[in-house]
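These notes are about the structure you will find just below.
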There are 2 protein chains.
Amino acid sequence: MDAESAANAGRGARTSGPATPPTSPPVGVTKITSPNGPAEERSAPDELPEAAPIPNGHTGEQSAPDGPGTAQTAIDGLPEASPAPNGLTGEQSAPDAPGTAQTAIDGLAVSVPPTIYDVARAAGVSIASVSRVLNGRRNPRPETRDRVLQAVAELGFIPDGAARALSVRLKEVAGVIVRQPWASKTPEDVFADEDDSLQFPDMINRGIAEAAQRRGFDILVRSVSLDEHDPGGRTLALARKSDGIILHDRVLEPDQLERLARQIPVVTLAGVATPMTANVSSDNPAGMRDLARHLLYDHGYRSISYIGGHVDSPDSIARFRTLAAEVADAGAEFVDGPQWQGNYTAGGGARVMNNLLARRTDLPRAIVCANDQTAIGVLYALERHGISVPGDVAVTGFDDIPVARHLHTQLTTVRQRIRELGETAFEVLYSMINRETPVDRDIVLPTMLIRRQSCGCGEARQP
Amino acid sequence: MDAESAANAGRGARTSGPATPPTSPPVGVTKITSPNGPAEERSAPDELPEAAPIPNGHTGEQSAPDGPGTAQTAIDGLPEASPAPNGLTGEQSAPDAPGTAQTAIDGLAVSVPPTIYDVARAAGVSIASVSRVLNGRRNPRPETRDRVLQAVAELGFIPDGAARALSVRLKEVAGVIVRQPWASKTPEDVFADEDDSLQFPDMINRGIAEAAQRRGFDILVRSVSLDEHDPGGRTLALARKSDGIILHDRVLEPDQLERLARQIPVVTLAGVATPMTANVSSDNPAGMRDLARHLLYDHGYRSISYIGGHVDSPDSIARFRTLAAEVADAGAEFVDGPQWQGNYTAGGGARVMNNLLARRTDLPRAIVCANDQTAIGVLYALERHGISVPGDVAVTGFDDIPVARHLHTQLTTVRQRIRELGETAFEVLYSMINRETPVDRDIVLPTMLIRRQSCGCGEARQP
DNA sequence: CTGAAAGCGCTTACAG
DNA sequence: CTGAAAGCGCTTACAG
């Protein structure tokens with residue numbers, strides 16, 4: 001059997017319907033299968049007979065709730081393999097299942113994993129003892145310990161997380177909700193990819209995950225789009241799988257937030273601390289003030305505008321306010337209006353500029369963007385229209401994401417301690433989960449002005 | 001009470017030790033608290049008295065396994081609030097807990113969430129009925145339905161995921177293991193940030209998450225570093241929280257992989273399908289062949305080298321082989337050797353080049369990199385040494401990550417359908433979880449050569 | 001030190 | 001249509 005046919009061996013076999021697929025897409029994973037690569041690069045070992053060893057048969061058959069339950073039982077090897085106390089009933093083979101041993105045949109069978117009862121029996125001890133040696137509670141007798149450990153190794157036992165979670169009331173999972181900026185992208189959007197690129201939220205998540213790992217936690221990330229019909233619902237759905245929730249930017253309305261916080265610990269990023277929630281964010285006022293003064297006094301720009309992020313973003317609002325105040329204090333002109341509303345994406349920034357330029361609007365001397373992503377779009381639009389940055393117009397960002405320094409015109413921006421934002425958010429959440437008294441429930445991290453080319457620094461301003 | 005003191009209100013209160021912190025870091029989340037931002041930006045509403053309404057008291061007290069269990073019970077509102085059948089024992093207040101009502105005081109208290117029993121009682125029906133209306137099973141009487149729904153709304157009931165998972169034997173969670181390239185970064189590494197940037201793996205994960213969402217699944221991502229002492233252990237730990245596992249690149253040894261696959265469905269990315277696992281990857285041979293021929297025949301380069309990724313990476317090995325073969329076929333020179341070993345990071349690429357240049361080695365006419373990240377490092381090193389790309393040396397990448405087109409010298413590379421790789425991996429895993437016959441267990445996605453500047457295309461080759 | 005048993009919060013046949 | 005009960009796989013006082 002050559003690789004080609006081996007790869008298709010599974011085809012044509014009966015396929016059972018998935019268990020109530022939420023939004024079932026055009027199903028079918030059929031892809032272009034290596035049109036021309038050398039065979040050895042994609043060979044599919046397919047020793048059917050002995051290739052799928054069923055350590056301990058006995059299929060639990062998780063029949064789909066509705067839909068015709070389809071039984072694809074593996075070869076039932078050891079009938080008496082699971083003498084669990086609470087009488088395992090063995091597989092409940094669906095009535096319409098003509099043949100069995102199907103999953104075993106296609107070689108991808110996964111037998112029902114062993115439980116703590118299997119380990120206990122194999123080791124000749126009680127499940128309590130197994131649990132104890134596995135969790136290092138009260139030192140068991142060395143012999144007991146060894147026997148258990150051996151049984152565990154032999155069976156390849158992996159304790160079920162759900163069962164443990166239910167028992168200790170701790171899942172060791174933190175849910176993270178991100179506002180999805182890349183939802184509204186159009187096919188021909190030049191920045192589709194760029195907006196898919198590493199965002200500020202991704203880096204924060206990296207920080208969260210890192211801190212979580214130290215505590216034995218994992219993170220479950222879910223993104224909700226701006227135009228989501230029910231962000232609250234999606235958030236709740238994630239909450240049931242987590243011990244606590246971290247909310248990026250502003251994903252929930254205040255009332256929804258309160259409801260959620262009543263059920264589970266909640267930490268917001270860039271929001272505002274409430275009696276029930278904690279918050280961690282960067283010092284927007286200080287960051288924007290430094291940037292604004294640099295533009296106003298160091299460069300002497302007399303007219304400045306601000307391209308906002310999401311309309312209701314606390315971060316964007318804070319930045320806007322500080323900038324407007326600084327511009328006013330300097331007696332300079334603050335160019336404002338609805339046409340300057342962005343959405344934190346490069347596409348949004350480009351759109352704002354294109355619209356402005358189409359109307360032949362006079363541009364301010366400097367354009368301050370809500371974040372780097374937006375600035376990237378602005379730079380692009382300006383460049384395409386032959387407008388020089390920073391010669392004709394200065395442009396700045398906020399965040400200092402990695403790409404910022406690789407742009408053709410390096411971006412002047414305000415650096416946030418992005419990962420630290422995430423790490424801190426997790427630590428606060430962790431303490432809340434442990435019902436500890438949080439050290440502080442409104443944490444603000446410092447920022448730093450990063451001067452590069454786009455504001456007019458770095459190189460002699462060329463016309 | 002001003003914002004400053006409000007923020008510190010919680011301090012000084014007794015803090016209980018966290019439950020067996022794995023690798024306890026210098027604890028304490030104390031951060032720089034807004035050095036100079038206006039107060040209203042970080043105000044912490046702190047209406048102590050009525051701020052923390054305890055809907056239905058009764059604290060479950062998840063006392064830390066070892067360590068002195070510290071009880072921080074909330075105000076016990078409704079003593080008889082949980083008439084659960086299996087006799088809830090109420091809080092097991094730890095012996096050393098002098099006072100209670102502590103979490104309520106600091107305002108961040110989270111009462112024990114209601115269970116299905118609370119809902120059933122409130123609605124005057126059985127828990128079975130609650131479960132049925134919530135899951136839309138067998139249409140309940142409209143009245144029953146309404147009462148349940150109302151009770152759910154009133155109590156803010158969120159069914160516990162662990163309990164559900166245990167019962168239906170499905171967690172609706174897919175575990176994803178990534179090989180962590182950013183582990184070995186040194187402080188002074190110029191590319192630390194760049195390597196922190198959106199990587200190929202991140203984009204794949206985005207695809208996985210997207211596909212997962214359609215099926216009601218969430219993904220749990222864990223990264224293991226190359227020098228991990230026990231990648232298998234960390235993987236198993238994640239496996240207990242998941243229904244299936246997706247492995248990036250090559251994170252497990254074949255034997256570990258087999259052990260894992262015997263317990264739980266496994267899909268590898270860029271690996272090789274085995275009797276127990278499925279694999280999805282890009283067509284490396286075709287992609288590299290197109291690239292190699294472009295370099296060899298279109299540009300006529302006669303000497304080429306390859307900077308590899310991780311030594312044992314199947315992708316890198318496949319690319320290497322194809323390139324070597326193509327170069328040989330063309331009768332050109334393939335410059336090889338251990339000094340050309342990279343590690344998929346920009347830092348790695350830069351290091352290889354710096355070492356080579358330090359030894360004043362003659363460079364080949366073209367340097368093919370295992371991935372874009374590596375190429376970025378190479379471009380950087382070359383530029384610093386005043387070597388012109390593509391004038392003196394051509395450089396190419398692989399992946400076509402977003403930054404590739406934003407580099408000063410735009411990168412010629414081989415595009416992979418990155419997100420699709422992830423989406424496909426999830427779909428295959430999903431079918432395995434449902435014990436379906438997979439459509440194909442070795443899926444290969446097509447690639448596409450993207451010619452930009454770094455190979456010598458696009459602009460007239462300047463000296 | 002160890003075992004028997006209760007309990008975690010759901011879902012789902014099984015009988016009314 | 002609905003309720004009582006069993007069962008999912010662990011952990012943990014509680015008694016030996």
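In what follows, chains are A, B, ... by sequence order, proteins preceding strands, each numbered from 1. Excluded from the calculations below are hydrogen atoms, water molecules and symmetry mates; all remaining heavy atoms, backbone and side chain alike, are included.
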Expected output check: what is the dot-bracket annotation of DNA chain D, where ( ) and [ ] are pairs inside the strand (brackets for crossing ones), | is paired with another strand, and pairs are Watson-Crick or G-U under 3.5 Å? |||.||||||||.|||
Using a cut-off of less than 4.0 Å, is there contact between a side-chain N or O of [X] and OP1 or OP2 of [N]?
X      : N      : value
B:R169 : D:dG9  : yes
A:R137 : D:dT11 : no
A:T115 : D:dG9  : no
A:R138 : C:dC1  : no

[X] side chain, from C-beta outward: closest of [options]:
X      : options                : value
B:A163 : D:dG3, D:dC10, C:dC10  : C:dC10
A:F157 : D:dT2, D:dC10, C:dT2   : D:dC10
B:I116 : D:dG3, C:dT11, D:dT11  : C:dT11
A:R141 : D:dA5, C:dC1, D:dG9    : C:dC1
A:D160 : D:dG9, D:dC14, C:dG9   : D:dG9
A:Y117 : D:dT11, C:dT11, D:dC10 : D:dC10

Rounding to the closest angstrom, what is the interatomic distance between C:dT12 and C:dG16 at atom C1'? 16 Å
Once you round it to whole Å, what is the distance between [atom2] of [N] and [atom1] of [X]?
X      : N      : atom1 : atom2 : result
B:I264 : D:dG9  : CD1   : C1'   : 15 Å
A:N135 : D:dA13 : CG    : C1'   : 15 Å
A:L155 : D:dG9  : CG    : P     : 14 Å
B:R121 : D:dT2  : CZ    : P     : 20 Å
A:K171 : D:dC10 : NZ    : C1'   : 14 Å
B:L134 : C:dC10 : CG    : C1'   : 11 Å
A:E172 : D:dC10 : CD    : P     : 15 Å
B:I127 : D:dT2  : CD1   : C1'   : 12 Å

Side chain of B:R240, base of D:dG9: donor and acceptor closer than 3.5 Å?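 Looking at the base of D:dG9, it does not pair with any donor or acceptor on the side chain of B:R240 (distance under 3.5 Å).
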Per the atom types in the model, does the base of C:dG9 pair as donor or acceptor with the side chain of B:S167 at under 3.5 Å? no
I need the minimum non-hydrogen distance between A:V266 and A:L429, along with the two atoms involved. N-CD1, 4.2 Å
With DNA chain D as reference, determine whether B:R132 or B:L166 sits nearer its 5' end, using the nearest nucleotide of each. B:R132
Roughly how far, to the nearest 0.5 Å, is the CZ atom of A:R138 from the CZ atom of A:R132? 4.5 Å
Short N-O contact, B:D160 and A:K171, less than 4.0 angstrom: yes
Side chains of A:D118 and A:F157 in contact at under 4.5 Å (non-hydrogen atoms):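 Side chain of A:D118 against side chain of A:F157, heavy atoms only: no contact under 4.5 Å found.
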Give me the one residue out of A:K241, A:R259, A:R240 that meets side chain to side chain contact (heavy atoms under 4.5 Å, CB included) with B:I158.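 Going through A:K241, A:R259, A:R240 one by one, the side chain to side chain contact (heavy atoms under 4.5 Å, CB included) with B:I158 is satisfied by A:R240 alone.
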Positive for side chain to side chain contact (heavy atoms under 4.5 Å, CB included) with A:S242, one of A:D218, A:V176, A:V173, A:I219: A:V173
Stepwise side-chain hydrogen bond (donor to acceptor under 3.5 Å, both in side chains) test for A:N135 and A:R164: CA-CA 11 Å; A:N135 293 298; A:R164 172 170 229 280; 3.2 Å; yes
Across the strands shown, which category fits A:S129 at heavy-atom distances under 4.0 angstrom: base, sugar-phosphate, nothing? sugar-phosphate
With sequence neighbours excluded, tell me which residues meet salt bridge (Lys or Arg N to Asp or Glu O under 4.0 Å) with B:R145. none
